[in-house]
Structure formats: structure tokens, C-alpha cells
Amino acid sequence: MSDRSAGLAPSRVTAVLGPTNTGKTHLAVERMLGHASGMIGLPLRLLAREIYERIVRLRGASAVALITGEEKIVPTRPHYFVCTVEAMPLERSVEFLAIDEIQLVADPERGHVFTQRLLHARGRFETMFLGAGTMEPLIRRLVPDVEIVTRDRLSTLSYAGSKKLTRLPRRSAIVAFSTDRVYAIAELIRRQRGGAAVVMGSLSPRTRNAQVALYQSGEVDFLVATDAIGMGLNMDVDHVAFAGLRKFDGRRTRWLHAHEIGQIAGRAGRHLRDGTFGVTAEAEDLDPDLVEQVVEHRFDPVEAAEWRNARLDFDTLPDLLRSLTVTPGRAGLSLTAEALDETLLRRLIKDEEIARIGRSRGAIMRLWEACQLPDFQKTTLDEHSRLAKDVFTALTGKRGRLTDDWMAPRFAFVDRDDGQIDQLSARLSAVRTLSYIANRPDWVHDAQGWRDRTRALEDRLSDVLHERLTARFVDRRTTALMRALNVRDDTFAGVADDGEVTVEGQVVGQLEGVRFQMEKGSSALEDRTLRQAAVRAVTPEINRRLGRLAAEPDEAFAVTPDGSVLWRGVLTAQITASPQGADPFSPQVRLLGDLGPTPARERARRRLEAWLASEAGRALRDLRRLRQAVETGALKGLPRGVAFRLIEAGGLIDRREVERDLAALSQVERRTLKTFAIRVGVHSVWLPGLQKPRARHFAQGFVDAPLIAATPDLIPAPSLSEPPSPRLLSAHGLRLAGRWLARVETLEKMAELRAANHGRLSDEALTDLGWSADQAKQVIAALKTERARQPDKPGQTPRAVKDSPFAALAALTEAPAPAAKRRRPRRKARA
């Protein structure tokens with residue numbers, strides 16, 4: 001495209017120069033859309049795709065073409081062309097033309113292409129070059145009629161020094177200069193901070209866009225990238241951290257230049273928001289002079305542009321080589337070093353077969369085209385040479401095209417989406433090579449068909465690669481929770497009807513009553529995040545529940561034998577009791593959980609204690625009545641002593657403990673005990689009302705060592721470190737007989753049966769107690785065995801009988817103690 005159009009005024013040439021975040025690219029797009037047609041050349045396929053999608057949203061897909069080495073989307077009559085610089089169709093005439101990142105004229109590998117565009121590419125009405133301020137002197141020298149427009153950065157860039165990776169602020173981009181280093185940093189960020197998105201120049205646009213979306217959405221707060229982010233990729237980055245200051249440039253490992261650091265660091269801050277840059281603890285700190293250069297955007301001007309002759313001579317192979325080495329002969333231009341395509345050419349012409357074929361002008365042009373095939377796969381020079389030779393041989397063969405037989409096996413080799421990240425990346429690079437070939441319609445039979453197939457495969461592999469990158473470097477659960485912590489108003493959190501608590505779609509635990517059970521995280525970071533997110537999500541609901549609990553009627557509560565207090569069937573509190581038991585008439589409870597304001601929790605706790613006290617008055621009515629009589633003095637004398645012992649023991653005592661008091665009671669005093677529902681049996685003194693299921697169920701909640709959930713009439717005593725307390729036995733209605741436990745009513749019935757059967761217990765009598773025939777036989781056999789044993793010495797109890805569990809049981813079932821038959825002077829009844 002010439003810089004003048006016949007009969008028209010010369011194109012206005014403008015160079016818009018300045019540091020990053022000055023809106024240069026945005027300005028160029030706006031200027032282009034102000035013309036009827038336009039073309040913009042961009043340094044990266046990724047950036048070209050971004051600008052293409054922006055213009056499609058504004059003008060529609062039918063008006064915009066995307067042309068890169070590996071991708072061509074060209075509608076029937078496009079008005080605007082978005083291209084990589086190398087792929088610009090300069091034979092098309094457009095009103096507006098722009099080249100972005102023009103400072104790349106100094107790049108050793110690609111600079112000659114940018115230089116050619118600077119010198120010769122023009123729009124009919126307007127041409128715009130966008131780049132760094134370091135290009136001003138060189139552009140003035142090479143383009144005399146240029147109009148220079150400088151733009152200041154919209155925000156301030158400052159240096160933040162060195163920080164550990166684990167201490168970097170949110171919305172940071174960490175820059176590394178090798179794939180292995182990028183992956184290692186991303187893995188560390190995942191473990192310590194929840195996850196990171198990964199952006200590299202080798203990624204396909206689809207994968208890169210998905211990773212950027214992951215970061216832009218706030219799902220992750222960190223981005224780990226190569227220096228690809230320095231080329232116009234616009235993201236909301238607040239801080240850029242360099243994980244190193246050396247890079248391999250394709251020939252050697254060298255220190256970054258000041259302008260390169262400035263280009264990358266300048267990605268911090270967006271529009272009017274200030275940004276910072278620094279280094280990680282693993283990198284060397286920046287020199288103060290270098291920091292000053294970056295902050296003030298003062299860099300050495302570009303002295304010369306890389307140049308290579310664009311008018312090549314294809315008459316013979318020697319002529320082609322000679323034309324590639326022509327010197328520019330103009331100040332400001334420097335002959336570029338030997339590029340990959342020239343290296344391949346010099347290598348291939350040594351092949352006898354290539355030299356024989358490449359004798360005609362057409363064949364030499366085909367050979368040069370084959371040598372320009374990019375090395376997307378970063379293979380060895382030998383492998384890439386073989387590929388270029390295969391392409392050239394096919395193009396100069398009988399069919400003059402790469403056939404399906406050539407494309408199909410190579411396509412099938414990469415047409416699979418299994419494997420890990422490295423394998424998927426390698427396949428994507430191979431697909432990029434096939435896409436480049438398919439986008440040359442003069443190279444391939446059925447070019448459109450192969451373009452569609454390679455595009456579909458690239459999209460599929462890109463999606464899978466994004467999934468693999470996300471699965472490896474993002475802990476979605478933790479990052480979702482961390483995002484919820486940082487965004488109060490928009491956080492999606494809720495409690496389901498079944499109590500399941502979710503934050504940003506992630507289950508964080510279960511809410512039961514007013515107690516929140518948090519799920520266990522897979523790491524310390526996840527545990528901390530879970531805790532913080534859970535507190536924020538459930539605290540409002542717990543506050544509401546505490547308020548409802550404090551206002552509930554008595555019917556909403558229940559208590560279980562293990563001391564659990566239920567609110568509408570859900571465990572809510574626990575009775576605090578010791579092994580000796582708690583006072584059911586002055587109960588104390590511990591509200592489960594620890595969330596909610598203290599005043600609300602205290603009101604809920606007092607409501608539960610008030611209900612327990614009133615329920616104790618109903619379930620343990622006889623014990624409460626007896627206690628009130630003792631406290632008020634309604635009971636006096638010996639009955640008061642018996643009542644006091646009963647109250648202390650919880651309503652059940654051994655008769656032998658009060659035998660002397662019972663023997664001394666008058667008839668009136670005995671009647672007084674009966675009026676308080678006290679029953680005096682052969683072996684026990686107890687309150688029968690406390691042995692009803694409701695009373696026993698309630699009383700068991702106030703002892704801290706329940707024996708068993710449901711006790712039969714005779715059971716082995718559990719192995720306890722110490723004998724059960726009286727309160728514990730009373731709560732279960734049991735008596736301890738050696739190593740056996742028996743219900744108080746059962747022992748009394750046994751005593752009655754023994755008395756009625758002259759001191760004997762038959763099978764029928766035991767069956768009447770509710771035992772099975774087998775249990776009855778075992779008890780009778782055991783008792784008979786014990787009675788049959790003789791003492792080791794005269795007057796001594798046999799050891800076997802003394803240690804037998806049935807021996808103590810038998811002793812309890814003997815007739816009343818002789819003390820009951822003693823005659824004592826009757827006492828006059830007290831008034």
C-alpha cells in the first residue's frame with residue numbers, strides 16, 4: 001500500500017507516543033471506527049482477538065475481519081481488518097491504518113516487519129503509529145512528515161519494593177520468564193492464597209481469555225504470567241511483581257532492559273487507578289536509578305530500526321540469498337540478524353533434492369514461503385527443517401498442494417484431549433501449525449474444510465487446557481469463599497431448608513438449630529477461609545433463630561436422657577451436670593455453638609433454663625413437693641430426716657440407711673410419709689412417681705454418666721472406675737447388688753415372692769417378674785450353685801459365694817433385717 005493515493009491529498013501520519021495506560025490503543029480503535037474502512041496491526045494474536053471481539057460488539061461480525069497467521073475470519077464485505085502485524089493484507093486499500101507497539105522495530109526477531117510497516121504501510125486518509133515515547137527521535141528521522149502526539153499516563157506508577165509471594169496484595173500479577181517458573185509460582189499461590197490464573201503467549205486466545213476471565217471476575221486474585229502481559233493486554237492489575245529480572249531471548253539469557261521492565265510494570269493500574277510494581281523475595285531488588293527510570297518513564301531512545309530488504313530477488317537461489325543481505329543504506333536502519341526463515345533457507349538449499357527442484361522462479365518463491373512457516377512447537381532446527389522440506393516438496397509436486405493424505409494423519413495425531421497440561425499445550429502448538437497451513441488456500445486441498453476442523457479442535461483443546469489449568473492452579477472452593485469475604489454486598493450465601501449453608505455455591509457446613517458445624521478444609525488456608533466465610537453467611541440467620549428461640553412456648557422444647565435440650569427436635573443446648581448430678585429445679589445449660597451476639601445468646605439460654613425448671617416441676621412433681629416441705633418446715637422430726645436423705649439421693653435410697661429412723665416412726669409419722677407419696681419397701685425407700693417413664697426420662701438428663709439407654713429388670717453392672725452415685729441410680733430406678741443392677745420394683749417383687757414361697761424362688765416366680773424362661777433358669781441355677789458351696793473353714797463365707805454377683809442379689813432378696821422385729825418403746829405421736 002503506497003503512502004499516497006492518486007489524486008488525493010497525502011495521508012495524515014500521526015505517531016501517538018507515551019507509556020502504558022495512556023489509552024493509545026483505545027484511541028486508535030475509536031479513530032478507525034470514525035472512518036468508513038480501516039486496518040489495525042497488533043503485535044500478538046491474543047491482542048488481535050481482543051480488539052476484534054470489541055469491534056464486533058460495536059459494528060457486528062459482518063463488518064469486521066480477523067486475520068492472523070493461524071486464524072482467518074473474513075466476511076464477504078468487511079469494513080475493518082484486525083490483524084497481527086505480519087498478517088496485514090496491505091494490498092487492500094483502507095481509509096485508516098494503525099500499527100500498535102511500533103517500538104518493536106528494534107526487536108531482533110520481528111523488528112524488520114514493523115520497520116517495513118513504518119516505512120511503507122499507509123491509510124488513504126489517516127495513518128497512526130502507537131508506541132513508547134522512546135520512538136520519537138527515530139520516527140522523526142524515518143518519517144519526516146509525521147505529527148507527534150504525546151500522551152501522559154492516566155495514573156501514577158510507584159515502586160513497592162520486595163515482597164514474599166505469600167505477602168503480595170490482592171489483584172497482583174506475578175511475572176516470570178519460563179513456563180516451569182510460571183507453573184511453580186502458580187502452584188505456590190494455590191496452596192497459600194487459594195489460586196491463580198495463568199497467562200502465557202503460547203496459550204491459544206480461547207484459553208487465555210478464559211484464564212483472564214477467571215482473574216477479571218475476581219474468582220482468583222492473582223495472575224501468574226510471562227512478559228506477554230506487557231503487550232497491551234488490559235486487565236485490572238493493581239500490582240506487578242517480577243519473580244526474576246533475567247530472560248532467555250532465544251539466543252542467550254540476559255538481564256531485562258529498563259524499557260522492558262517499564263512496559264511490563266506499566267500494566268499495574270488501570271485508567272485513573274494508581275498502580276505499583278516490585279519484585280518477589282526470590283528476585284534481586286531493583287537499582288534505585290532503574291526504579292526512577294520506570295516511575296518517570298525515562299528510557300534511552302531507540303537508535304535504529306531492524307531492517308531487511310522486502311524486495312527479494314527470486315530469479316535464482318543465490319540471487320535470493322544476496323537480496324536478503326542487502327544493507328539499508330539509510331540512517332536509522334540496521335540490517336537485521338539472520339532470522340529463522342533465512343536460516344532454514346540456507347540449510348535447505350544444501351539439500352540436493354531441494355536444489356534440483358528449486359531452479360525456477362516459482363519453485364524458489366514456494367521454497368521461501370515454506371521457510372517462513374513459524375515454529376510454534378519450538379522444535380529443533382532439524383525437525384523444523386524436515387517439516388519445511390515436506391511442505392515445499394508437496395507444493396512443488398504433481399498436485400501442487402498438501403493433500404488430505406498429508407494433513408489427515410497429522411491431524412489425527414493431535415486429535416485427542418487426554419493427558420496433562422504439558423501434553424495439551426504441545427498438541428495446541430501442533431494444531432497452530434496445522435491452522436497456519438490450512439489458512440494458506442494455495443497450499444491445501446479443501447482449505448476451508450481443514451480451517452474449520454483445526455479451529456474446532458483448537459477450541460476443544462483450549463477448553464480442556466483451561467479446565468486442566470484451573471484444576472491444577474485454582475482451589476475453586478477456597479477462592480469462591482475468599483471472593484465472598486471481599487465482596488460483602490454481592491455475595492451469594494444462604495441457608496437451605498435442611499440447614500445446608502452455601503457461600504458462592506460452595507457448601508461450607510450445616511446449621512442445626514443455633515449451632516453451625518463447619519466442614520473440614522483440605523488445608524489451613526481453606527480452614528481459615530471457611531471459618532470467615534461461614535461466620536459471615538450464617539451469623540444473620542443465627543441471630544434470627546436466637547430471637548425466635550427466646551420467644552418460643554414450652555411445647556417447642558424437649559430433653560433427652562443424655563442431657564440434650566432440643567428445640568423443635570433439633571439439638572440446641574446441653575445440661576451442665578456432674579457425675580453426682582445437677583439440680584433439676586435450678587438447671588444450668590450450655591448453648592451449643594459460639595456464633596451470635598452475646599445478649600441474644602444469653603436470652604436464649606435463660607429461656608431454656610426457665611423451661612427446664614418448669615418441666616422439672618411437672619415431671620418430678622413428688623420430689624419438688626417433698627423438697628418444698630423440707631425447705632418450708634412442713635416436715636419435721638424423723639420424717640424430715642428421711643425426706644432429706646431421699647431428696648439428696650434423687651428419690652431412691654437403701655432402706656438400711658434409714659432403718660433406725662423408720663423403726664422409730666410413729667403411726668402418724670408413717671402416714672405423713674405416705675401423704676408425700678413415699679413408699680417404704682423391704683429393701684428400698686423411694687418415690688414411686690419418679691419411676692414413671694416421663695420422670696425417669698427427665699431425671700436422667702441431669703446426671704452426667706448415663707448407664708444404658710433402656711435397662712431390663714436385671715443387668716450386669718457396667719465396669720465403672722467407682723460405684724455409681726445415688727443420684728445416678730435414682731435417675732434410672734436401679735439398685736446395685738454386687739456386680740449386678742436391678743430395678744427397685746423387681747427387688748421388691750422378688751422379696752414378696754420369696755416370702756410367699758417360704759424363701760424360695762421358682763422358675764414360675766421369676767417368669768412372673770418378666771424374665772424369659774432361659775433367664776429364669778440361669779438365675780435359679782446360679783443361686784442353687786452358690787447355696788450348695790461350703791465354706792473353706794467353719795464359720796467362714798465361701799469365697800465363691802462372696803464374690804458371686806448372685807450372692808449379693810440373693811442377700812438383697814432375703815427377708816427383712818432382724819432389726820425390724822426389735823421392740824422399742826413407742827413414741828407419742830407429735831401434734
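Remember, it's a predicted structure, so these values are computed and weren't measured experimentally.
Gln574 is linked by a side-chain hydrogen bond (donor to acceptor under 3.5 Å, both in side chains) to Ser564, counting only residues two or more places apart in sequence or in another chain. Arg607 meets the side-chain hydrogen bond (donor to acceptor under 3.5 Å, both in side chains) test with Asp554; sequence neighbours excluded. Considering only residues two or more places apart in sequence or on other chains, Leu188 meets the side chain to side chain contact (heavy atoms under 4.5 Å, CB included) condition with Leu165, Arg191, Gln192. A search for salt bridge (charged side-chain N to carboxylate O under 4.0 Å, His left out) contacts involving Glu615 returns Arg618, Arg694, not counting sequence neighbours. Residues that satisfy the side chain to side chain contact (heavy atoms under 4.5 Å, CB included) test with Pro688, not counting sequence neighbours, are Arg679, Trp686. By the salt bridge (charged side-chain N to carboxylate O under 4.0 Å, His left out) test, Arg171 is found to be paired with Asp221, residues two or more places apart in sequence or in another chain being considered. In this structure Glu609 satisfies the side-chain hydrogen bond (donor to acceptor under 3.5 Å, both in side chains) test together with Arg605, sequence neighbours excluded. For Glu512, the side-chain hydrogen bond (donor to acceptor under 3.5 Å, both in side chains) partners at least two apart in sequence or on another chain are Arg515. Contacts of Tyr215 classified as ring pair (Phe, Tyr, Trp, His ring centres under 6.0 Å), with partners at least two apart in sequence or in another chain: none. In this structure, the salt bridge (charged side-chain N to carboxylate O under 4.0 Å, His left out) partners of Asp238, at least two apart in sequence or on a different chain, are Arg273. Residues forming a salt bridge (charged side-chain N to carboxylate O under 4.0 Å, His left out) with Arg621 (at least two apart in sequence, or on another chain): none.
Pairs of residues two or more places apart, or lying in two chains, that qualify as ring-ring contact (aromatic ring centres under 6.0 Å, His included) and include a residue from residues 597-621 are Phe557-Trp611.
Scanning all heavy atoms of the two residues, the minimum distance from Val682 to Glu748 falls at N-OE1, 2.7 Å.
Ion pairing between a basic and an acidic side chain is recognised when a charged N comes within 4.0 Å of a carboxylate O; Arg656 and Glu659 show no such pairing.
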